[in-house]
Protein chains: 2
Amino acid sequence: MPYKERDIEKQYYTIGEVAAQFDVAPSLIRFWETEFEDLKPRKSKKGNRLYSPQDIETFRTIYHLVKERGYTIPGARDIMKQRGPQLKEKVDVIHSLEKVRNFLVQLRKELDVAGKQQNPAQQPEQ
Amino acid sequence: MPYKERDIEKQYYTIGEVAAQFDVAPSLIRFWETEFEDLKPRKSKKGNRLYSPQDIETFRTIYHLVKERGYTIPGARDIMKQRGPQLKEKVDVIHSLEKVRNFLVQLRKELDVAGKQQNPAQQPEQ
DNA sequence: ATGTCGCGCTCTTTGTAGGGCATGGGGCGG
DNA sequence: CCGCCCCATGCCCTACAAAGAGCGCGACAT
């Protein structure tokens, strides 16, 4: 397993928060809910979707397959059935690396403010 | 004469033969030719496509990715650039790590120039 | 031999069904 | 009133298929 990060995670997110986090439209999240069995968030009494951190992970996996790897929706469904656990670890690793990257970017900002004179390092992409 | 000529003929397949072998329409093979750089068969003087065994292998790979694994065409193109589906996923991780490493190397350079600061960086949030 | 007819295969260009969402309307609740 | 709910419908590309035209080769007659 990838290392466990000590995040203070909210228990539930609204669809708007999830949409903002991944920069997608809420309609896309609702649409994927009709396409992927695994993406079934809780709902409040009123009917609003309540996304747990686990739901976010599921969404992230789908997002990775469809938007970053180029699977069709049926193709992504198959992969999630067959190689779900293995795949999840890879996605976790990539996500952890992205967090580290964000941290480093922030760290450099602080160092720039403190030192501020030399040419800034090129920021890693992706 | 029959021996030699038959041998030469077997070096190449027509589009109809390839289509029959994979049970697809010739139009699909031509379309994929416009989408995948690697699928460029020789052409006769007349302009007819001549598929070598290597071309057949290339087509088989594309067929596998698009029809059996469920990749989109852009997704399959990306995979084709690599040297194998499993390798590709490893390469993703390695590539990410290399980017982070390059960033860190550059960051260390900056720290050498800037000298030591006691400004404690915060843990990455999230 | 040689015209020529037709058939099968190919070519390129143009048409199109459906996948993958987005948008708009009407309603509700905090 | 803003944000979310649920539909229904709209709509733009992707991923091919169909249409229309041309070549070449065998058969058959000349």
Side-chain angles (χ1 to χ4, degrees), chain A residues 10-52 55-56 59-80, chain B residues 1-2 5-6 8-10 12-52 55-56 58-80:
Chain A
K10 289 169 72 171
Q11 279 200 317
Y12 291 106
Y13 298 82
T14 68
I15 193 170
E17 288 169 341
V18 179
Q21 183 175 337
F22 287 91
D23 192 28
V24 298
S27 62
L28 173 63
I29 302 178
R30 291 193 201 96
F31 173 67
W32 280 0
E33 188 175 322
T34 70
E35 299 293 318
F36 294 93
E37 278 190 4
D38 293 349
L39 190 61
K40 292 249 165 125
R42 271 189 60 192
K43 293 197 180 182
S44 69
K45 283 182 181 176
K46 183 189 158 192
N48 287 14
R49 289 166 177 78
L50 302 171
Y51 293 88
S52 70
D55 293 327
I56 305 286
F59 184 85
R60 189 191 313 287
T61 301
I62 297 170
Y63 184 89
H64 176 69
L65 288 173
V66 175
K67 294 298 187 186
E68 295 174 348
R69 294 295 309 276
Y71 277 89
T72 64
I73 286 176
R77 260 198 302 258
D78 288 352
I79 294 294
M80 289 187 65
Chain B
M1 142 192 178
E5 283 199 348
R6 272 198 303 214
I8 289 174
E9 281 174 355
K10 283 198 173 192
Y12 291 103
Y13 299 84
T14 68
I15 193 171
E17 288 169 341
V18 179
Q21 183 175 337
F22 287 90
D23 193 27
V24 298
S27 62
L28 173 63
I29 303 179
R30 291 191 201 95
F31 172 68
W32 280 0
E33 187 176 324
T34 70
E35 297 296 316
F36 295 93
E37 279 191 1
D38 293 349
L39 189 61
K40 291 252 165 125
R42 273 189 58 191
K43 291 196 179 182
S44 68
K45 283 183 182 177
K46 185 187 155 192
N48 286 15
R49 289 163 177 79
L50 301 171
Y51 293 88
S52 71
D55 292 328
I56 305 287
T58 302
F59 184 85
R60 188 191 313 286
T61 301
I62 298 170
Y63 183 88
H64 177 68
L65 289 173
V66 174
K67 294 298 188 186
E68 295 173 351
R69 297 275 320 263
Y71 277 88
T72 64
I73 286 177
R77 261 198 300 258
D78 288 351
I79 295 294
M80 296 272 303

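Letters go in sequence order (proteins before strands), and every chain restarts at 1.
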* **Those residues of residues 22-39 of chain A lying under 4.0 Å from DNA chain C by at least one heavy atom** => A25(A), S27(A), L28(A), F31(A), W32(A)

* To do: For residues L28(B) and K67(B), determine if any side-chain heavy atom of one lies less than 4.5 Å from a side-chain heavy atom of the other.
  => yes

Identify each atom pair where a protein N or O and an N or O of nucleotides 27-30 of chain C are less than 3.5 Å apart, giving names and distance.
none

* Length of the line joining Y71(A):OH and dG19(C):C1', which is rounded to integer Å -> 19 Å

* Sub-4.5 Å side-chain heavy-atom contact between N48(B) and I15(B) -> no

Contact list (N/O, under 3.5 angstrom) for nucleotides 14-16 of chain C vs protein:
none

* Whichever of I73(A) and G47(B) has its nearest DNA chain C nucleotide further upstream toward 5' -> G47(B)

* Quick one: list whatever passes side-chain hydrogen bond (donor to acceptor under 3.5 Å, both in side chains) with Q21(B), sequence neighbours left out. => none

* Structure fact -> Min and max contacting nt of DNA chain D in 5' to 3' order, chain B heavy atoms within under 4.0 angstrom, are dA15(D) to dG24(D)

* Asked: Nearest 0.5 Å, what's the CH2-CD1 distance between W32(A) and I62(A)?
  -> 6.5 Å

* Asked: Is the Y63(B) ring parallel, tilted or perpendicular to the F22(B) ring (thresholds 30°, 60°)?
  -> tilted

* Just checking, R69(B) and Y71(A): is the charged tip under 6.0 Å from the six-membered ring centre and within 45° of the axis? -> no

* **Non-hydrogen side-chain atoms of I79(A) and L65(A) separated by less than 4.5 Å** => yes

* Name all pairs fulfilling the salt bridge (Lys or Arg N to Asp or Glu O under 4.0 Å) condition that reach into residues 12-33 of chain B, sequence neighbours left out, sorted by first residue then second. => E33(B)-R49(B)

* Asked: Can you name the nearest heavy-atom pair linking K40(A) to E37(A), along with the distance?
  -> CG-O, 3.1 Å

* Backbone of T72(A) reached by a side-chain donor or acceptor of T72(B) within 3.5 Å -> no

* Could you check I15(A) against K67(B) and say which one's nearest nucleotide on DNA chain D is further toward the 5' end? => I15(A)

* Asked: What are the two closest heavy atoms between P41(B) and Y51(B), and how far apart are they?
  -> CG-CE2, 3.5 Å

* Using distance alone, with no hydrogens and no angle criterion, decide if S52(A) and D55(A) have a side-chain donor and acceptor under 3.5 Å apart. => yes

* Minimum heavy-atom distance K43(B)-L50(B), with the two atoms named -> C-CD1, 4.0 Å

